[in-house]
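Residue numbering restarts at 1 for every chain, and letters A, B, ... go by the order of the sequence lines.
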2 protein chains.
Amino acid sequence: MSVTTTGPDPEDLTARARIRDAAMQHFAEHGFERATIRGIAETAGVSSGLVRHHFGSKQALREACDAYLTKMIRRLNDEVRSGYALDRSNPVATANTAMGPYQRYLARALAEGSAEVVFDEMVELSEQWLADADARRPDVPDVDRKVRATIGTAMALAIAVLRKHVSRGMGVDLSTPEGDLLLARALIDLYSHPMLSLEEAAEARAALDRLQPERTTTERGAPQKTLRQHEEHHHD
Amino acid sequence: MSVTTTGPDPEDLTARARIRDAAMQHFAEHGFERATIRGIAETAGVSSGLVRHHFGSKQALREACDAYLTKMIRRLNDEVRSGYALDRSNPVATANTAMGPYQRYLARALAEGSAEVVFDEMVELSEQWLADADARRPDVPDVDRKVRATIGTAMALAIAVLRKHVSRGMGVDLSTPEGDLLLARALIDLYSHPMLSLEEAAEARAALDRLQPERTTTERGAPQKTLRQHEEHHHD
DNA sequence: ACACCGGCTACACACGTGTGTAGCCTCCTA
DNA sequence: TAGGAGGCTACACACGTGTGTAGCCGGTGT
């Protein structure tokens, strides 16, 4: 699994691959808009024209990067599906691990709205894990599994996407082993302690039912009506 | 309740305010880079030069937007702190709700690395909530409260930041009442059911301890290590 | 040997965009 | 009434950037 990634073949890679890697690096670091073809080309050690030669346009280059990630996540998903599961902890965590050095790119891409397939594949991983968990569960979930898997996936990815803020809040850089370890401990703690008791949950659900019939349409960016005032209903 | 929290604002008619609102709208929709001063000006119904006149530069405009959000979140935080707590569910959820129409801007800003203060303020809200929760908790957390609050905050924000993907995964647009409701149900379910049993958690912690002294490289054969992002490439 | 084709480069163009500058108009005030 | 200041506009400039075009070089097949 942890395929090629970084170490193996530094300069021996084909130019096309070098460009792709450089692009992922630049996209991850500066975002898609701010990243420049020339900068990517320089990092890859090629001319800017070659970038266009291999990938037709900047957008296509991004799509190629996404496709590459997609290939990786698919492979991982297949491995897990074929019972090759190496650990039974949070599957998205596994995916994140396997994503390794491309994690930053993935985070950026997701935040910018692309890399849909990667996200969806992670959701599927999560679903498989949830299937097991649901079996062990006493009560019956009142929400479709895929929905819960989706939200769980998003939450797991939040740390990567908001890495900068999380690092600041934790007081330690997530890129360091210390930060990594601290994060793991915190996640274990959080994941093993529900934030809502079953009673509170039931109450919240009841409250939700109570106001289900009439729900004001929230939303729209109109900046005047700032605070919606129905007391219950919070989340997201 | 605190309808006035973020009230319609004294003179929202002032051009400066209109520009700021338009900027938040554009930044939220297109991102900072892709948003143009001219576009913002047009939405605000003013000339592009006036944007520069009021705010010195595009970056300063963004900072003004962040500052505006900061003011709002501070007010909200003060309200909660002064015992005005309207509900005891997840505080970040409350904050998000109060953020209302600016949620999209906040999500973008956070994903792009800015709006630090808003995030930090949310962490503080979360900390206060955790203080109560910790008191009710049988065992003692092995991770600093602020760390857990930070991660919890990030997770809560994940839905907003990854809204597009979450909507797709859930099969319903989060902006609609249906999506909103479904999300609430799912969150209640997720928050009331730990993903790890205490035994699993203990085991994971033990595994962590076991490989703590070792180096940071990911061992494939190593027992689960919940989340791990080994970094490194050659940048930064 | 020749032609060919793909990898690869150098150069130029068009365009959007942030920013700078000059000036108008309308209050407010002395 | 004059003057000034600030809200506001119109116009122009410099520059970075994506993209287009022409051409070179080296290997490979016939």
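- Among the nucleotides D:dG18, C:dA10, D:dA10, the one closest to the side chain of B:S47 is D:dA10.
- Protein atom CD of B:E42 is 14 Å distant from nucleotide atom P of C:dG16, rounded to whole Å.
- Taking atom CG on A:L61 and atom P on D:dT19, their separation rounds to 10 Å, with Å as the unit.
- Between A:G45 and B:S48, it is A:G45 whose nearest contact on DNA chain C lies nearer the 5' terminus.
- Between the NE2 atom of A:H30 and the P atom of D:dG18 there is a distance of 13 Å, rounded to whole Å.
- Side-chain atoms of B:R38 and base atoms of C:dG18 include a donor and an acceptor less than 3.5 Å apart.
- Between D:dT21, C:dC8, C:dG20, one nucleotide has an atom nearer to the side chain of A:R52 than all others, and that is D:dT21.
- In this entry the distance linking NE2 of A:H53 with C1' of D:dC25 reads 13 Å, nearest Å.
- Closest contact between the side chain of A:L50 and the listed nucleotides C:dC8, D:dG18, C:dG18 involves C:dC8.
- In this structure, of D:dG7, C:dT19, D:dG18, it is D:dG18 that holds the atom nearest to the side chain of A:I37.
- At least one cation-pi condition fails for A:R104 and A:F27: the charged atom is not both under 6.0 angstrom from the six-membered ring centre and inside a 45 degree cone around its axis.
- Straight-line distance from the CD1 atom of A:I40 to the C1' atom of D:dT17: 12 Å, rounded to whole Å.
- The CZ-P distance, from B:F55 to D:dC8, rounds to 11 Å in whole Å.
- B:A35 comes within 4.0 angstrom of the backbone, heavy atoms only, and of no base.
- Geometric assessment of B:R108 against the ring of B:F32 yields a negative cation-pi assignment under the 6.0 Å and 45° thresholds.
- Note on A:K164 versus B:E116: salt bridge recorded, some NZ/NE/NH1/NH2 to OD/OE distance being below 4.0 Å.
- Under the 3.5 Å distance criterion, the side-chain polar atoms of A:R148 are matched with a main-chain donor or acceptor of A:V143.
- Electrostatic pairing of A:E112 and A:R62 counts as a salt bridge here, judged by a charged N lying under 4.0 Å from a carboxylate O.
- Counting to the nearest Å, the P atom of C:dT17 and the CD atom of B:Q59 are 18 Å from each other.
- For C:dG6, the OP1/OP2 oxygens have no side-chain nitrogen or oxygen of A:H54 closer than 4.0 Å.
- In terms of position on DNA chain D, the residue among A:R34 and A:G49 whose nearest nucleotide sits closer to the 5' end is A:R34.
- Ranking D:dT19, D:dT9, C:dG18 by closeness to the B:K58 side chain, first place goes to C:dG18.
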